[in-house]
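Notes follow once the structure below has been shown.
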Amino acid sequence: MAALQVAALQVQRRSDMQVIRAPRETQIGHGRTLEEHSKVLGALVSGQVAMMEHLKAITDRLGITPPGHSSEE
């Protein structure tokens with residue numbers, strides 16, 4: 001009888017450990033997703049900044065003042 005109780009406790013312990021691990025594994029996965037998204041967002045922002053700088057250089061070279069900007073900026 002004691003062996004059955006020990007076996008049942010071992011099964012319960014394994015089950016409990018799975019329940020404990022599941023949220024942690026989910027949290028780790030979400031952390032990785034957030035890290036990937038932040039890298040993509042950083043690349044997008046860097047690309048947009050580069051495009052704006054390039055556009056400003058072109059408009060400066062052509063002597064064009066974008067709407068809403070004074071020529072003294």
Main-chain N/O of Ala22 paired to Thr26 side chain as donor or acceptor, under 3.5 Å: yes

Rounded distance (nearest 0.5 Å) linking atom NE2 of His37 with atom NE2 of His30: 10.5 Å

message: Nearest 0.5 Å, please: how far is CG in Leu34 from CG in Leu41?
response: 11.5 Å

Met17 atom CE, neighbour heavy-atom count above 12 within 6.0 Å: yes

Gap separating the CD1 atom of Ile20 from the CD atom of Gln18, nearest 0.5 angstrom: 10.5 Å

task: Before giving the answer on side chain to side chain contact (heavy atoms under 4.5 Å, CB included), spell out for Val49 and Glu53 the whole-Å C-alpha distance, their side-chain angles and the decisive distance to 0.1 Å.
output: CA-CA 6 Å; Val49 168; Glu53 290 172 351; 3.6 Å; yes

message: Regarding Glu35 and Lys39, does a basic nitrogen lie under 4.0 Å from an acidic carboxylate oxygen?
response: yes

query: Does the side chain of His54 come within less than 4.5 Å of Ile58's, by heavy atoms?
result: yes

query: CE of Met51 to CG of Leu55: how many Å apart, nearest 0.5 Å?
result: 8.0 Å

